[in-house]
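Order of the sequence lines sets the chain letters (A, B, ...), proteins ahead of strands, with each chain counted from 1.
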Amino acid sequence: MAKKITKRENDYSQWYLDVVREAQLASHSPVRGCMVIKPNGFALWENMQRRLDTMFKETGHQNAYFPLFIPKSFLSKEAQHVEGFAKECAVVTHSRLIHSKDGVSVDPTSKLEEELIVRPTSETIIWDSYRDWIQSYRDLPILLNQWANVVRWEMRTRLFLRTMEFLWQEGHTAHATEQEARDEAHRMLEVYRSFAEDYMAMPVATGIKTESERFAGALDTYCIEAMMQDGKALQAGTSHFLGQNFAKAFDVRFQDRDGKEKFVWATSWGVSTRLIGGLIMTHSDDNGLVLPPRLAPTQVVIVPIWRNDDEQSRVMEYGTSILASLDKAGIRAKLDDRDQYKPGWKFAQHEVEGTPLRIAIGPRDVDNNNVELARRDTMKKEIISRDGVEKMIPDLLETIQSDLLETARERTAKQTRQASNYEEFKNILDTDGGFVYAHWDGTAETEEQIKNETKATIRCLPLHPEKQPGKCIVTGKDSPYPVMFARSY
RNA sequence: CGGGAUGUAGCGCAGUCCGGUAGCGCGCCUCGUUCGGGACGAGGAGGUCGCAGGUUCAAAUCCUGUCAUCCCGACCA
């Protein structure tokens, strides 16, 4: 079984690539650093998208769409923002090809007056529009989201975790008051936290980024951080309080109730296809992908078993009725009736693709009015009565969902440690990795030193710090509370 | 972008040192037997050896360049 997948303990990176390939989620494309998302992977993304989209709508947001191309001049309007993205932008300089000896080449006469940047994120082009949309406090708040692709010219890429082009959603909101904008940034962080935990079954730490880790152009960046099986952290989502930086850069003002003209307050927030990488590295095992039922494209697969035509028709009739029951119960179920594959092959295939539940039915089961039920997460099998299927399966799927979260929580808890001095800190990172809480003196210099010496960064500071004074593990200076470090993806 | 490794059929690999016109396993196609954990037999298809130059009578093999992937650094969601 699962002979094509490298064991995690042997080579975690290779295991990850093997799972992505064998579960047919994505493959490398002819374009460096870009990926082809295959139907299995995209179906998973669609389920994530659908749920997130609902959550955005429930919190009062609407979808819109802004252009892929951003005039170069827009990007230079917010100084911090430019600095953050300048090194990783794709630039469109020409608009035409001409025939040449080797096929086609760029027509030098088609050079653009103003070059266009392929969006690395859309703050600038959106705030340019907001200037026209906002005159009065009555026009606020604006609560928009867009589903889009963005491009960041990365040096080193990994499928889903870091690709040059990726799919994401970016929320961009405009508010009359600072408090309202801060509340929005927190509200969306909470949406991300509950999506990660309740749907992905991926426990996350929430917190606030240090100055050096925060989004270019933001005053505060809030994040959800997840711990992967190999002890490395993954930034899974961010929500930014942008203050009035973009309003000032794009001159977006409104007249308030008091008659005065004021700059608008802003937030932005996003999660990307990187979440799929997090999902894989949270639950999957040496047999392949493990998917949480709430997001799995197929929640239950029915594998029929037969030896001859007579058995085939009996088993298929039985399977079809079970499929109908599951459909009625609102379960995403599939009857795998492909005749060219044997049952054993199908078992292995659905296993590697992460289908949460498998029902196997053969002539014996038809005679006894039974089904064989197998859980992907625990690999345990049991025989149950067919009559209980439509009642039991939905409950079992929810059990799997909560078991996955619980297992991941326990693992993350084991991977979360305290370090009281620098030696211990380094030792934990070099042996087990994971989240390490330690005292820090609050300076960027110390943060930088720790990063250079240990490769660990401050993943986040607590949102609601409790006083727990101590001494910085590097400088010995006073620290009000420990902060969370980890090596990260 | 720097250091190391790798690139040969859809996937995994051998062949490269010592140049002589490409092979193995899985998968794929046909037929038959099979079918409760990746079936078996027989027959068959599939590769400009990552790409581009060069050396040579002759290049998967030697030389140069380039691209991609993996690992390690710098950068990042």
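In this structure Trp269(A) satisfies the ring pair (Phe, Tyr, Trp, His ring centres under 6.0 Å) test together with Phe56(A), His61(A), sequence neighbours excluded.
The distance between atom CD of Glu88(A) and atom C1' of A74(B), rounded to the nearest whole Å, is 13 Å. Rounded to whole Å, the distance from CZ on Phe215(A) to P on C75(B) is 19 Å. Distance, Glu372(A) CD to G36(B) P: 12 Å, rounded to whole Å. Per the geometry, CD1 belonging to Ile305(A) stands 11 Å off P belonging to G38(B), to the nearest Å. Taking atom CG on Asp336(A) and atom C1' on C35(B), their separation rounds to 13 Å, with Å as the unit.
Across all strands, Lys209(A) comes closer than 4.0 Å to no nucleic acid atom at all (heavy-atom distances). At a threshold of 4.0 angstrom between heavy atoms, the contacts of Asp365(A) include nucleobase atoms, whether or not backbone atoms are also involved. When heavy atoms are screened at a 4.0 angstrom cut-off, Glu154(A) is found touching base atoms of the nucleic acid. Note on Thr273(A): nothing from the nucleic acid sits closer than 4.0 angstrom, heavy atoms only. Glu311(A) comes within 4.0 angstrom of no nucleic acid atom, judged by non-hydrogen atoms across all strands. Using a 4.0 Å heavy-atom cutoff across all strands shown, Phe166(A) reaches at least one base atom of the nucleic acid.
In this model, no side-chain donor or acceptor of Arg21(A) finds a partner on the base of G12(B) within 3.5 Å. One can find a donor-acceptor pair under 3.5 Å joining the base of G37(B) and the side-chain atoms of Lys381(A).
With salt bridges taken as basic N to acidic carboxylate O contacts below 4.0 Å, one links Arg487(A) and Asp430(A). Glu197(A) and Arg193(A) are joined by a salt bridge, as a carboxylate oxygen and a charged side-chain nitrogen come within less than 4.0 angstrom of each other. One finds a salt bridge joining Arg376(A) and Asp285(A) here, because a Lys/Arg side-chain nitrogen approaches an Asp/Glu carboxylate oxygen to under 4.0 Å.
Taking the nucleotide of RNA chain B with the nearest heavy atom to each of Glu448(A) and Gln340(A), the more 5' of the two is matched to Gln340(A).
Annotation: side chain of Leu404(A) is in contact with side chain of Asp377(A) (closest heavy-atom distance under 4.5 Å). In this structure, Leu68(A) and Val118(A) have side chains that are in contact, with non-hydrogen atoms separated by less than 4.5 Å.
The base-pairing partner of G53(B), taking Watson-Crick or G-U wobble contacts with both distances under 3.5 Å, is C63(B).
Out of C75(B), A39(B), G37(B), the shortest distance to the side chain of Arg358(A) is found at G37(B).
Here side chain to side chain donor-acceptor pair (under 3.5 Å) pairs that include residues 222-233 of chain A, with residues two or more places apart or in two chains, are Arg8(A)-Gln229(A), Lys209(A)-Glu225(A), Glu225(A)-Arg459(A), Asp230(A)-Tyr489(A).
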Can you tabulate the close N/O pairs, meaning under 3.5 Å, that link protein atoms to atoms of nucleotides 66-72 of chain B?
{"residue": "A68(B)", "atom": "OP1", "partner": "Arg32(A)", "partner atom": "NE", "Å": "2.8"}
{"residue": "U69(B)", "atom": "OP1", "partner": "Gly33(A)", "partner atom": "N", "Å": "3.4"}
{"residue": "C71(B)", "atom": "OP1", "partner": "Ser13(A)", "partner atom": "OG", "Å": "2.3"}
{"residue": "C72(B)", "atom": "OP2", "partner": "Arg156(A)", "partner atom": "NH2", "Å": "3.2"}

